[in-house]
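Order of listing sets the numbers, starting from 1, for every ligand and every atom in it. What you see is a predicted model; the values in this text were computed from it and never measured. We count residues from 1, following the sequence as given.
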Amino acid sequence: MSHMSTHDEAQVSKFLPSPKSLAIVGCPFSGGQPRPGVDQGPIHLVEAGLPKQLEELGWKVHFDGHHMFEDVSAAVGADEPIGLLKNPRRVSKVCQSVAKVVGDHAKNGQLPVTLGGDHSLAMGTISGTLEKYPDACVIWVDAHADINTAETTDTGNIHGMPVAFLLGLGSKIDEFAWVKPVLKPHRLVYIGLRDVDAGEKRILRENNIKAFSMHEVDKYGIGRVVEMALDHVNPKRDLPIHLSFDVDALDPTVAPSTGTPVRGGLTFREGHYICESIYETGCLVALDIMEVNPSLRDAESVKQTVAVGCSLARSALGETLL
Ligand SMILES: NC(=[NH2+])NCCC[C@H](N)C(=O)O
Ligand SMILES: [Mn+2]
Ligand SMILES: [Mn+2]
């Protein structure tokens, strides 16, 4: 049964030194989208006990407070839109500083766990990861593709655009010149998509980007989908993996407190299965948990969404059911 071996073998990391060590990068930032409150996501995740939960999984956990970005905001001042793009300078500066923090942790041999905050932050986290691991692949779990360019965006919300910046798509914007086109289309795969704009569908097609929408999850089941996704970006399971998890990939009944919920999403188990399987590869080098917004919906929904954010992180970092 060697083909079924991974689940019961304690998988050691292929890229991190031991003892295994992670750094929580709390990013209370909401400038990539219009709804206030998503900046409180990381604060709630930490207050719910995430650092201690990860310690209990055997990680040495570094957390020295959230990154407040005050200096950045002060330096930016008034932030007029550039074309349709909202808060462009603030988003750019914050992501640039996140890239530095994440990159430094990665270079120290720590696994950065970035807590959002809105998904524009992934422009920073993935830039940081790729600086240390240039051949890393990205698994993007989301209801949305977040691959709009300055030309295709309808909303101007930059949390719908980070992937385009990382791939170097769309017109160049001076304020984002620090974002290098470090990600290659064949090193990116999506799981969970179900609300993709027309312009984004064209971009996915034209760039041959592999995506497993909810249609494929229904058709093949999550087990096959994760296997096919890994076979696409990491066929030999020898490349580092950056997992960027937007909680709106989950069905709104599972993760209600998020800014752009879309019905028909991943079940609780499907979401956790993705995280568990990626941990089992031994290739995970960075994790993002994004778009928890504790100011949306009722108190019970908030508690549920924060708890699910914590449990996704635990699953990606080694928690098993048995
Ligand atoms: N990270 C997210 N929740 N993104 C939602 C993006 C929605 C839409 N496609 C937009 O560009 O505005
Ligand atoms: Mn999303
Ligand atoms: Mn997203």
Side-chain angles (χ1 to χ4, degrees), residues 27 29-39 41-42 81-88 91 94-95 98 114-126 138-167 169-170 173 183 188-204 209 211-214 217 242-266 270-271 274 286-297 305 308-309 312:
C27 293
F29 181 67
S30 67
Q33 53 82 64
R35 316 194 84 171
V38 70
D39 46 289
I82 299 177
L84 279 179
L85 274 60
K86 297 172 189 150
N87 312 318
V91 171
V94 165
C95 289
V98 169
T114 304
L115 307 178
D118 75 66
H119 218 166
S120 67
L121 290 160
M123 209 187 304
T125 62
I126 292 173
V138 172
I139 302 181
W140 191 283
V141 183
D142 205 321
H144 310 93
D146 295 348
I147 198 167
N148 274 305
T149 64
E151 288 70 40
T152 65
T153 179
D154 290 326
T155 61
N157 297 329
I158 301 177
H159 78 155
M161 308 176 62
V163 179
F165 280 99
L166 291 161
L167 292 166
L169 304 176
I173 301 168
L183 183 58
L188 166 65
V189 67
Y190 289 101
I191 302 175
L193 303 188
R194 59 195 181 277
D195 182 12
V196 180
D197 301 335
E200 295 184 296
K201 288 182 182 172
R202 196 177 55 238
I203 292 171
L204 294 177
I209 294 167
F212 297 92
S213 72
M214 290 310 298
V217 173
H242 181 120
L243 172 59
S244 200
F245 204 118
D246 181 331
V247 297
D248 72 28
L250 300 171
D251 193 78
T253 56
V254 180
S257 295
T258 191
T260 50
V262 189
R263 66 183 176 176
L266 297 168
E270 287 167 343
I274 295 170
L287 172 66
D288 308 329
I289 301 289
M290 300 303 200
E291 299 279 356
V292 171
N293 188 332
S295 70
L296 299 175
R297 318 289 290 270
T305 309
V308 108
L312 289 170

Student: Scan side-chain atoms only and decide if His119 and Asp142 contain a donor-acceptor pair under the 3.5 Å cut-off.
Tutor: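 On atom types as modelled, these side chains qualify, holding a pair under 3.5 Å.
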Student: Does the side chain of Asp288 come under 3.5 Å of the side chain of His242 through a donor N or O and an acceptor N or O?
Tutor: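 The criterion, which ignores hydrogens and geometry beyond distance, is satisfied for His242 and Asp288.
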Student: Verify, without hydrogens or angle tests, whether Asp118 (side chain) and Ser120 (backbone) share a donor-acceptor contact under 3.5 angstrom.
Tutor: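 Confirmed, Asp118 side chain pairs with Ser120 backbone.
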Student: Verify the distance test for Asp146 against the Mn ion (ligand 3): any N/O/S atom under 2.8 Å, yes or no.
Tutor: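 Under 2.8 Å: Asp146 contacts the Mn ion (ligand 3) through an N, O or S atom.
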Student: Report the part of Asp118 in contact with ligand 1, treating N, CA, C, O as backbone and CB onward as side chain, heavy atoms under 4.0 Å; options are side chain, backbone, both, neither.
Tutor: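 The answer is neither.
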Student: Measure from the side-chain N and O atoms of Ser295 to the backbone N and O of Pro36, and report whether any donor-acceptor pair falls under 3.5 Å.
Tutor: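 Judged by distance alone, yes, a pair lies under 3.5 Å.
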Student: Do any N or O atoms from the side chain of Thr305 and from the backbone of Ser257 form a donor-acceptor pair under 3.5 angstrom?
Tutor: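 Yes, Thr305 side chain to Ser257 backbone: donor-acceptor pair under 3.5 Å.
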Student: Report the nearest protein non-hydrogen atom to atom 10 (C) of ligand 1: residue, atom name, distance rounded to 0.1 Å.
Tutor: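 Of the protein heavy atoms, Thr155 OG1, 3.5 Å lies nearest.
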Student: Just to the nearest 10 degrees, tell me the angle at the Mn ion (ligand 2) spanned by His144 ND1 and Asp248 OD2.
Tutor: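 About 90° at the Mn ion (ligand 2).
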Student: Got an N, O or S from Asp142 under 2.8 Å of the Mn ion (ligand 3)?
Tutor: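 Asp142 does place an N, O or S atom closer than 2.8 Å to the Mn ion (ligand 3).
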Student: For atom 3 (N) of ligand 1, what's the nearest protein heavy-atom neighbour? Residue, atom name and distance, please.
Tutor: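 Protein heavy atom at minimum distance: Thr260 OG1, 2.9 Å.
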Student: At a 4.0 Å cut-off, with the gap strictly under it, does some heavy atom of Met161 reach an atom of ligand 1?
Tutor: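 Outside the 4.0 Å threshold, so no.
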Student: Using only atom types and a distance under 3.5 Å, with no angle test, would you say the side chain of Thr153 pairs donor to acceptor with the backbone of Ala150?
Tutor: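 Flag not set: sc Thr153 to bb Ala150 has no pair under 3.5 Å.
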Student: Which bit of Glu291 gets closer than 4.0 Å to ligand 1, counting heavy atoms only: side chain, backbone, both or neither?
Tutor: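 Glu291 to ligand 1: side-chain contact only, backbone stays beyond 4.0 Å.
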Student: Have a look at His119 and say which of its N, O or S atoms is nearest the Mn ion (ligand 3).
Tutor: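 For His119, the N/O/S atom sitting closest to the Mn ion (ligand 3) is ND1.
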Student: Please state which protein non-hydrogen atom is closest to atom 11 (O) of ligand 1 and give its distance, to 0.1 Å?
Tutor: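 Here the closest protein heavy atom is Asn148 ND2, 3.0 Å.
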Student: Find, among atoms of Asp246 that are N, O or S, the one nearest to the Mn ion (ligand 3), and state its name.
Tutor: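 In Asp246, the heteroatom (N, O or S) nearest the Mn ion (ligand 3) is OD2.
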Student: Heavy-atom contacts with Glu200 under 4.0 Å: which atoms of ligand 1 show up? List them by number with element.
Tutor: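 Reading through ligand 1 atom by atom, the close ones are 9 (N).
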Student: Tyr190 and side chain to side chain contact (heavy atoms under 4.5 Å, CB included): which partner among Asp146, Ile147, Val196, Ile139?
Tutor: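 Only one option passes, and that is Ile147.
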Student: Considering the heavy atoms of Gly160, write down every atom of ligand 1 situated less than 4.0 Å from one of them.
Tutor: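 By the 4.0 Å cutoff, the relevant atoms are 6 (C), 11 (O).
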Student: Return the closest protein heavy atom for atom 4 (N) of ligand 1 as residue, atom name and distance.
Tutor: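 Among all protein heavy atoms, the one nearest atom 4 (N) of ligand 1 is Asp146 OD1, 2.9 Å.
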Student: What part of His144, side chain from CB on, backbone N/CA/C/O, both or neither, has a heavy atom under 4.0 Å from ligand 1?
Tutor: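 Just the side chain.
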Student: Are the side chain of Arg194 and the backbone of Met214 linked by a donor-acceptor contact shorter than 3.5 Å?
Tutor: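 Such a contact is absent between Arg194 side chain and Met214 backbone.
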Student: Checking the N or O distance criterion of under 3.5 Å, is ligand 1 in contact with Asp248?
Tutor: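 Checking ligand 1 against Asp248, an N or O pair does fall under 3.5 Å apart.
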Student: Using modelled atom types only, decide if a donor and an acceptor are shared between the side chain of Asp251 and the backbone of Thr253 within a distance under 3.5 Å.
Tutor: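 Yes: the side chain of Asp251 pairs with the backbone of Thr253.
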Student: Main chain of Pro252, side chain of Arg263: is a donor-acceptor contact present, judged purely on distance under 3.5 Å?
Tutor: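 Flag not set: sc Arg263 to bb Pro252 has no pair under 3.5 Å.
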Student: Does ligand 1 come near enough to Asp246 that some N or O of the ligand is less than 3.5 Å from an N or O of the residue?
Tutor: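 Yes, at least one N or O pair falls under 3.5 Å.
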Student: Work out which heavy atom in Val163 is nearest to a heavy atom in Ala145; give both atom names and the distance.
Tutor: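 What the structure gives for the nearest pair is CG2-O, 3.7 Å.
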Student: Would you mind listing which atoms of ligand 1 come within a distance below 4.0 Å of any non-hydrogen atom of His119?
Tutor: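 By the 4.0 Å cutoff, the relevant atoms are 1 (N).
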Student: How far apart are the C-alpha atoms of Ile126 and Val138, what are their side-chain angles, what is the distance that settles it, and do they pass the side-chain contact (heavy atoms from CB on, under 4.5 Å) test?
Tutor: CA-CA 8 Å; Ile126 292 173; Val138 172; 3.8 Å; yes
Student: At what distance is the nearest protein heavy atom to atom 9 (N) of ligand 1, and which residue and atom is it?
Tutor: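 Here the nearest protein heavy atom works out to Asp197 OD2, 2.9 Å.
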